[in-house]
Structures are given as C-alpha cells and as structure tokens.
Amino acid sequence: MLILLGTVIRLVLPFYRNPLDRLTSDPLRHWVNGQQFFSPELMGGSDPIVYQIFVRIVQETSHGNALLFAAISGLLSAVMPWLFYRAAKEFGMNRCRALITWAILALMPSLFVIYNYVMMETLLLPFVGLGLWLSARHLRKRTLAAYGFSCAVWVLACLTKPTVLPLAAICLLWTGWVAPGRWKSTLVLAFIGAVMLAPTAIRTKSTLGFFAPLGNPWITKIQHRSGARKIEIHFGRENWNFVSPSCNMIPLAPLSPWRIRRGTEDSTIVVHADTLSGEAGWRRAYDELSLDAGEWLAQWGENIVLFLFAPSWPDCNMDEWDGWLCVALRWLWAPLIFYVMDINIRDLLRRRFELLPVATTLFTAFLMFQNVATSEGRYRKPLEPLLIMNLLWVGGISKEQKLYKVRKRNCSKIKPQ
C-alpha cells in the first residue's frame, strides 16, 4: 500500500508542479542547453553531456508539450525507487527488506520533489540505482557481459553529473577485481570508457578549447577557492554571472541564523577565458587565487555544515507542502549518516568487507570532506538511497548473524550419543 501511494504521488505530482512552469536559474540553463545542443555556448560546453542529450530528445519528441514532459518526469520518478529495490535484492536483502527500501524511497520527499524541476538529478538518481543493480548482478553472474553493462551505466551516470565518479569507481574496481580474468575486465572498462568519453571530449575541445569529457571543472573550483559570492565570466563575447545557491541558504534555520561567510557579503571574482588559451586561461585564474591554511580550513568546515544540514535547492519552496517537507526532513540525514558510518566502520575494523557498506562509506566521506567545490544540500541526493539501503542491509545481516549464533549455541548443547 505504501509503495502504491508513493508511486501515485510520483506519477501525479509533476502534473501539478510542472517542470516547464519553473524554468528559472539552473532549470532554465539545462533547458537552453538542450535547445542549443548542436551549437553550445559556454555553459553548454561546460555542463556534462548526458542530461543535455536527454533534454534535447524530450524537446524533439514532445515539441515542448508541458503535459508530455510532466508524464516523462513522473515516469522517471516512479521508476527510480524500483531500481533501488532491484539493487537491494541483488545485494542479498530478503524480499521484505527490499520492499521496505522501495517504500521508504518512494515516499521520501527529497527524492521525488526534485522531479518538479528540470535538473540533472532527475536522471542521475535512476542511473545510480541501475548502476548499483548491475554491479551487484555482476557479483552474482561474474561474466564479461554483465560487467560491460555495469560499466556503460556508470559511465552514463558520470556523464550526467561527475559527483558520482567516486561511487562509480568503487563499484567498477570492486566488481572488476573479483571477476575471473581481471585483465579482460580492465580492457572492457577501458574500451567502453574511451568510446563513451571520446565524443564529449571532442565537443568540449571545440567549445572550450580543451578536452573535458566530464565537463568544465574550473568554474566551481575558481568560485569556491575565491571565497567570493559571485563569479563573473567573460568568455570571448559571452558574459555569465553565477551565485552558488548555498550563499542564500541558512542551513541551521530555525536553530541558528548562521550562513557561510560569502553569503553575507557582496564580492565578485572576475574570470577571463577563451577557446584560444584553452585550459590555460582557467588554470591561470585559479592559480592567481591565494589561499592560506586558515582560509582552507574555514571553507572546509563550512562545506561540511552545508553537506549535512543545508536544504536541497531548488526543491526547497516552503510555500508548497512538498517543498516544506523536503526542508523539514533534512534533519534526518546527518544522524543517519553518522549512524550508518559508525556501523560500517566498526565492520571494516573487524575485516568484514562487502561492496554496499564500503561504497556507502567511501562515497559519504568523499562528499562530506571534499573541499573543491562549494557544497550544496542537493549533493546528498545520490547518497540518500544508499544510506537507506545500507541501514536495512545491515539490519538483515545482523539478524542472520544472531540466528546463526543461536543455532550454533543450541547445537553445542546437544551431547553426542
């Protein structure tokens, strides 16, 4: 019943909160990237390519029809929890726990309100679920074909949003290592990666002047290191201005009015780049920014607070019930993160190594402690389903271990005749 309720909400909600009625800021940028896919400007060349392809295909097939776009968004939203359910079963959960995983993910506001917007996460979340499913499937089948499918899906996920690259690397390296014929798995990964990354590398070379198959990393790196509120980019004849959503967030509200320092001041970093200088212009702008140890630690501490407590943007509209729920329930993630990390680290210290807890732990550590880009609450989204899966997976393992100990103790009491 809960799964059915969650699925209905996911299918219906985009019709009431149509993504095409909310084309401002980042959603508008993604929509324009789709329209200008074959003649990209700076942001079309800087953003990862897969979501641009998806938006372009939807634009061509729907001809801008808002109801059809809502139907596609609702379908993606409904499929996402089911993919994690299949992954949970492949990781060894019994049917009951896998269904509980499905129900929780289906009803989790932070994982369905985002589908009211034209955002990368709407495609990224299904790719992560599918990638986990295929990785666990490969652990069971251990064939080159199964590994190849998982490689292709994880590359697609990274080409949708590179923040999942650490998770993809962990899953692919782990499953490739345990497979028979490791060198064959390495060749499969290298071949699939080269074939899928080459077109976007060539595209960015033409648009930006340098190869960047996963997108231009310098915009977020420069803005974060500068400590400025706004980044102003002059790229040839183009002029772009950006402000990180985290500058406008009060992550600890209503408990504290604290916000990151760049959110309280009006400061701008100006960057000049062009296709002729290529990556050198971006690198020069980055290297000119001085950052002492104290400032680095201050930015790092702010990032940790943002990752743990900041609301996800743009799905944080407090005037709507679903947006209000997203903001209110964000307090669940910090205690869940620390609880799951504590359980996983204890198991790792006991030399119990399984892919799901290892991947969850390392991916959490990367997202929480990275100090390359200004963190946002939205960065938690691909991690949130993993935390739920990990928690239920550990509960199932613990129950099996207790049953095993009881059986062992009972057997020891039986005296041989």
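In what follows, every heavy atom counts, from backbone to side chain, and hydrogens, waters and symmetry copies are set aside.
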side-chain contact (heavy atoms from CB on, under 4.5 Å) with Met43: of Asn216, Thr207, Ile219, Val32, only one passes, and it is Ile219
| field | Short side-chain to backbone donor-acceptor contact, Thr101 and Met389, under 3.5 Å | value | no
Note: Gly45 and Thr204 closest approach over all heavy atoms is O-CG2, 3.4 Å
The single option from Asp21, Asp322, Asp315 that satisfies side-chain hydrogen bond (donor to acceptor under 3.5 Å, both in side chains) with Asn116 is Asp322
Worksheet item: Is the side chain of Arg182 donor-acceptor paired with the backbone N or O of Trp177 at a distance under 3.5 Å, no angle test?
Response: yes
Worksheet item: Relative to each other, are the rings of Trp133 and Trp82 parallel, tilted or perpendicular (30° and 60° limits)?
Response: perpendicular
Check your understanding: For atom CG of Asp266, is the number of surrounding heavy atoms from other residues, nucleotides or ligands below 6.0 Å larger than 12?
Key -> no
Rounded to the nearest 0.5 angstrom, the CG-CD1 distance for Asn303 and Ile260 is 8.0 Å
d(Thr175 OG1, His138 NE2) to nearest 0.5 Å is 5.0 Å
Practice item. Verify, without hydrogens or angle tests, whether Arg229 (side chain) and Ser267 (backbone) share a donor-acceptor contact under 3.5 angstrom. Key: no
Check your understanding: If you draw a 6.0 Å radius around OH in Tyr339, do more than 12 non-hydrogen atoms from other residues or ligands fall strictly inside?
Key -> no
Here the gap from Leu306 atom CG to Arg380 atom CZ, rounded to the nearest 0.5 Å, amounts to 9.5 Å
Using a 3.5 Å distance criterion without hydrogens, assess whether the side chain of Arg56 forms a donor-acceptor pair with backbone atoms of Gln35.
yes
Notebook entry, point to check: Would Leu83 and Met80 satisfy side-chain contact (heavy atoms from CB on, under 4.5 Å), going step by step from the backbone distance to the final call?
Noted result: CA-CA 5 Å; Leu83 291 170; Met80 187 277 290; 5.6 Å; no
Subject >> Flag, side chain of Tyr115 to backbone of Thr122, donor-acceptor distance under 3.5 Å >> reply: yes
Could you tell me whether the side chains of Ser135 and Trp154 share a donor-acceptor contact shorter than 3.5 Å? yes
Check: When you check the gap from the basic side-chain N to the acidic O, do Glu376 and Lys161 get nearer than 4.0 Å?
Finding: no
I'd like to check Leu214 versus Leu197 (side-chain heavy atoms, cut-off strictly below 4.5 Å). Are they in contact? yes
Check the pair Gln370 / Ser375 against side-chain contact (heavy atoms from CB on, under 4.5 Å), numbers first and verdict last. CA-CA 8 Å; Gln370 67 83 22; Ser375 191; 4.1 Å; yes
Checklist line | Neighbour count >12 (heavy atoms, 6.0 Å) for atom CH2, Trp324 | finding: no
(request) Run the salt-bridge test on Lys141 and Glu90 with the 4.0 Å N-O cut-off and return the result as yes or no. (result) no
- prompt: For Phe149, does the CZ atom sit with more than 12 other heavy atoms under 6.0 Å from it, leaving out its own atoms?
  reply: no
One should read off an interatomic distance between Phe127 CZ and Glu121 CD, to the nearest 0.5 angstrom, of 13.5 Å
Run the salt bridge (charged side-chain N to carboxylate O under 4.0 Å, His left out) test on Asp26 and Arg29 for me, step by step, so that the C-alpha distance in whole Å, both residues' side-chain angles and the decisive distance to 0.1 Å come before the verdict.
CA-CA 5 Å; Asp26 280 5; Arg29 187 184 89 221; 2.9 Å; yes
- Is there a donor-acceptor pair closer than 3.5 Å between any side-chain N or O of Arg140 and the backbone N or O of Arg137? no
Do Arg225 and Tyr286 have side-chain N/O donor and acceptor atoms under 3.5 Å apart?
yes
Next on the checklist: For Glu238, is there any backbone N or O sitting under 3.5 Å from a side-chain donor or acceptor partner on Glu41?
Outcome noted: no
- Describe, in one word, how the ring planes of Phe69 and Trp31 are oriented to each other, choosing from parallel (under 30°), tilted (30 to 60°) and perpendicular (over 60°). perpendicular
d(Glu232 CD, Trp240 CH2) to nearest 0.5 Å is 13.5 Å
Notebook entry, point to check: For Glu384 and Ser110, does a side-chain donor sit closer than 3.5 Å to a side-chain acceptor?
Noted result: yes
Query - Tyr147 side chain to Leu172 backbone, donor-acceptor under 3.5 Å - result: yes
Main-chain N/O of Arg261 paired with Thr264 side-chain donor or acceptor, under 3.5 Å
yes
How about Leu386 and Val340: do any of their side-chain heavy atoms sit closer than 4.5 Å? no
What one should report as the nearest heavy-atom pair of Pro48 and Leu159 is CB-O, 3.0 Å
Here the pair of heavy atoms bringing Ala78 nearest to Thr7 is CB-CG2, 4.0 Å
Stepwise side-chain contact (heavy atoms from CB on, under 4.5 Å) test for Trp218 and Phe210
CA-CA 12 Å; Trp218 292 105; Phe210 63 97; 4.1 Å; yes
Residues Cys316 and Val327: closest non-hydrogen pair is CB-CG2, 3.7 Å
Minimal heavy-atom distance between Cys326 and Val113, with the atoms involved, is SG-CG2, 3.5 Å
One should read off an interatomic distance between Leu11 CG and Ser73 OG, to the nearest 0.5 angstrom, of 11.0 Å
Within 45 degrees of the ring normal and closer than 6.0 Å to the centroid, is that where the cationic atom of Arg10 sits relative to Phe112? no
Would you mind reporting whether Trp102 and Leu2 have side-chain heavy atoms less than 4.5 Å apart? no
Notebook entry, point to check: Is Leu291 close to Gln299 at the side-chain level, that is, under 4.5 Å between some pair of heavy atoms?
Noted result: yes
Q.
Measuring only between side-chain heavy atoms, which start at C-beta, is Ile250 closer than 4.5 Å to Trp258?
A. no
Result for ring-ring contact (aromatic ring centres under 6.0 Å, His included) between His30 and one of Tyr51, Phe37, Phe54 points to Tyr51
For Ser312 and Lys381 the tightest heavy-atom approach is OG-CE, 3.1 Å
Could you check whether any side-chain N or O of Trp300 sits under 3.5 Å from a backbone N or O of Phe369, counting only pairs where one atom can act as donor and the other as acceptor? yes
**Residue pair Val372, Thr220: steps toward the side-chain contact (heavy atoms from CB on, under 4.5 Å) verdict** = CA-CA 8 Å; Val372 177; Thr220 53; 5.9 Å; no
